[in-house]
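Just so you know, residue 1 is the first one in the sequence shown, and it goes up from there. Predicted model only: the values in this text are computed from it and were never measured.
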Amino acid sequence: MSEGWLALLQQAFSLLLSFDPDVWAIINISFSVSFAALLLTIIPSIILGFILAFSHFSGRWIVINLVQTLQSIPTVVIGLLVYLLLTRNGALGDLKWLFTQKGMILGQMLICAPVLIALSQAAFSSVDRRAWETSRTLGASWLRAVWTLCRELRVPLLLAIVAGFSRILTEVGCSMMVGGNIMNVTRNIPTAIALETSKGDFAQAIALGLVLLILALVLNFLLGSLRGKALPRSH
């Protein structure tokens, strides 16, 4: 590795370890927005995943295909949709959420929801339906029976949550369009990396990239640990 790259790495680590206010403001915005989007999406998505797995209603296949389609749509297209909704003449223009964190949260919710719904549906579809029927027979309410299934499927559901969080934390297209990449307001890690790289400020871009790299390592370790716990143990 050349001395130039070593110097850039040293600068990047220095920015992180010295708690550079600009860098950590970007990190704080990125995580707070993505956590908020995830928390607002988890419960409705898991419930809808359960309904798609256990119910047979008219139009069910349409909903399933819509969810699968939304998973494959580029985030920049979702950003365009949210932008048109939030613009002054859009259906949600009165909210004045364009170029705000609330607008970014809305966009990330639309990105996260299809992932959580699809993976939740797959998890509920894999469980023995008799567990649900037994809970209901014993007098458990609908919500308590669902909660019982969620506890039984906690590992695959946690995997779904981690996958959804990873997708929204690293997306750039929607955040750039809806948030506007405004410093100390809507600039998150992916949009900042794109901007700083275009400006030639590689030290800050590398510092922010290291945050995502460390997060990826932590999440991969967590996923591996959860998968290991989910495997049946031999006796």
Side-chain angles (χ1 to χ4, degrees), residues 1-42 74-76 78-79 82 99-112 115-116 119 155 157-230:
M1 184 178 292
S2 66
E3 293 183 1
W5 280 107
L6 285 174
L8 283 174
L9 278 176
Q10 288 178 340
Q11 293 176 37
F13 278 111
S14 177
L15 288 172
L16 291 174
L17 298 178
S18 65
F19 291 95
D20 179 84
D22 290 339
V23 170
W24 281 95
I26 292 168
I27 294 171
N28 178 62
I29 290 171
S30 192
F31 276 87
S32 61
V33 167
S34 294
F35 269 123
L38 180 69
L39 291 175
L40 290 170
T41 310
I42 287 177
T75 59
V76 69
I78 295 179
V82 177
F99 305 138
T100 67
Q101 291 186 19
K102 291 180 179 179
M104 292 172 66
I105 290 171
L106 176 61
Q108 290 193 6
M109 287 176 65
L110 293 178
I111 295 170
C112 183
V115 177
L116 285 178
L119 294 179
V155 172
L157 290 178
L158 281 174
L159 292 174
I161 292 170
V162 170
F165 180 68
S166 300
R167 177 159 166 76
I168 59 176
L169 186 66
T170 57
E171 70 84 20
V172 62
C174 181
S175 294
M176 186 75 78
M177 294 192 67
V178 178
N181 202 19
I182 304 170
M183 185 62 185
N184 294 325
V185 179
T186 59
R187 183 170 299 170
N188 62 10
I189 294 176
T191 60
I193 290 175
L195 176 66
E196 298 306 323
T197 301
S198 67
K199 289 165 52 180
D201 187 358
F202 296 108
Q204 187 175 111
I206 292 172
L208 295 171
L210 286 171
V211 173
L212 292 182
L213 177 61
I214 293 170
L215 177 67
L217 290 173
V218 171
L219 290 178
N220 278 326
F221 177 81
L222 177 61
L223 287 172
S225 176
L226 291 174
R227 288 192 184 101
K229 291 179 180 179

Out of curiosity, [X] [atom1] to [Y] [atom2], how far, rounded to the nearest 0.5 Å?
X: L17; Y: F19; atom1: CG; atom2: CZ; value: 7.5 Å
X: K102; Y: L106; atom1: NZ; atom2: CG; value: 12.0 Å
X: S166; Y: I161; atom1: OG; atom2: CD1; value: 11.5 Å
X: L9; Y: L210; atom1: CG; atom2: CG; value: 7.0 Å

Step by step, work out the side chain to side chain contact (heavy atoms under 4.5 Å, CB included) result for V172 and T75. CA-CA 7 Å; V172 62; T75 59; 5.5 Å; no
Short side-chain to backbone donor-acceptor contact, T197 and I193, under 3.5 Å: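 It does hold such a pair.
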For the side chain of N28 and the backbone of W24, is there at least one donor-acceptor N/O pair under 3.5 Å apart?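 No.
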Heavy-atom side-chain contact between [X] and [Y] under 4.5 Å:
X: L119; Y: L159; value: no
X: S30; Y: S175; value: no
X: V76; Y: C174; value: no
X: V185; Y: T100; value: no

Could you tell me which non-hydrogen atom of [X] sits nearest to which non-hydrogen atom of [Y], and how far apart they are?
X: V178; Y: G79; answer: CG2-O, 3.6 Å
X: A203; Y: A12; answer: O-CB, 3.5 Å
X: I168; Y: E171; answer: O-CG, 3.3 Å
X: Q204; Y: I26; answer: OE1-CD1, 3.7 Å
X: S34; Y: Q108; answer: OG-OE1, 3.0 Å
X: L16; Y: V211; answer: CD2-CG2, 3.8 Å

Qualifying residue, where the test is side chain to side chain contact (heavy atoms under 4.5 Å, CB included) with I27 and the options are L212, D20, I189: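 Answer after filtering L212, D20, I189: I189.
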Which one of T191, N188, T186 satisfies the side-chain hydrogen bond (donor to acceptor under 3.5 Å, both in side chains) criterion with N181? T191
Return each pair, listed once, that meets ring-ring contact (aromatic ring centres under 6.0 Å, His included) where at least one residue sits in residues 164-220; pairs must be two or more places apart or across chains. F35-F165
Which ring-ring contact (aromatic ring centres under 6.0 Å, His included) pairs, counting each pair once, include a residue from residues 172-196, with sequence neighbours left out?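 Those involving residues 172-196 do not exist here.
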Could you note down all residue pairs passing salt bridge (charged side-chain N to carboxylate O under 4.0 Å, His left out) where residues 196-219 supplies at least one of them, sequence neighbours left out? E196-K199
Just do the side chain to side chain contact (heavy atoms under 4.5 Å, CB included) check on F13 and I206 with the steps written out, would you? CA-CA 9 Å; F13 278 111; I206 292 172; over 6 Å; no
Kindly determine whether R167 and I111 satisfy side chain to side chain contact (heavy atoms under 4.5 Å, CB included), including the steps that lead there. CA-CA 8 Å; R167 177 159 166 76; I111 295 170; 3.4 Å; yes
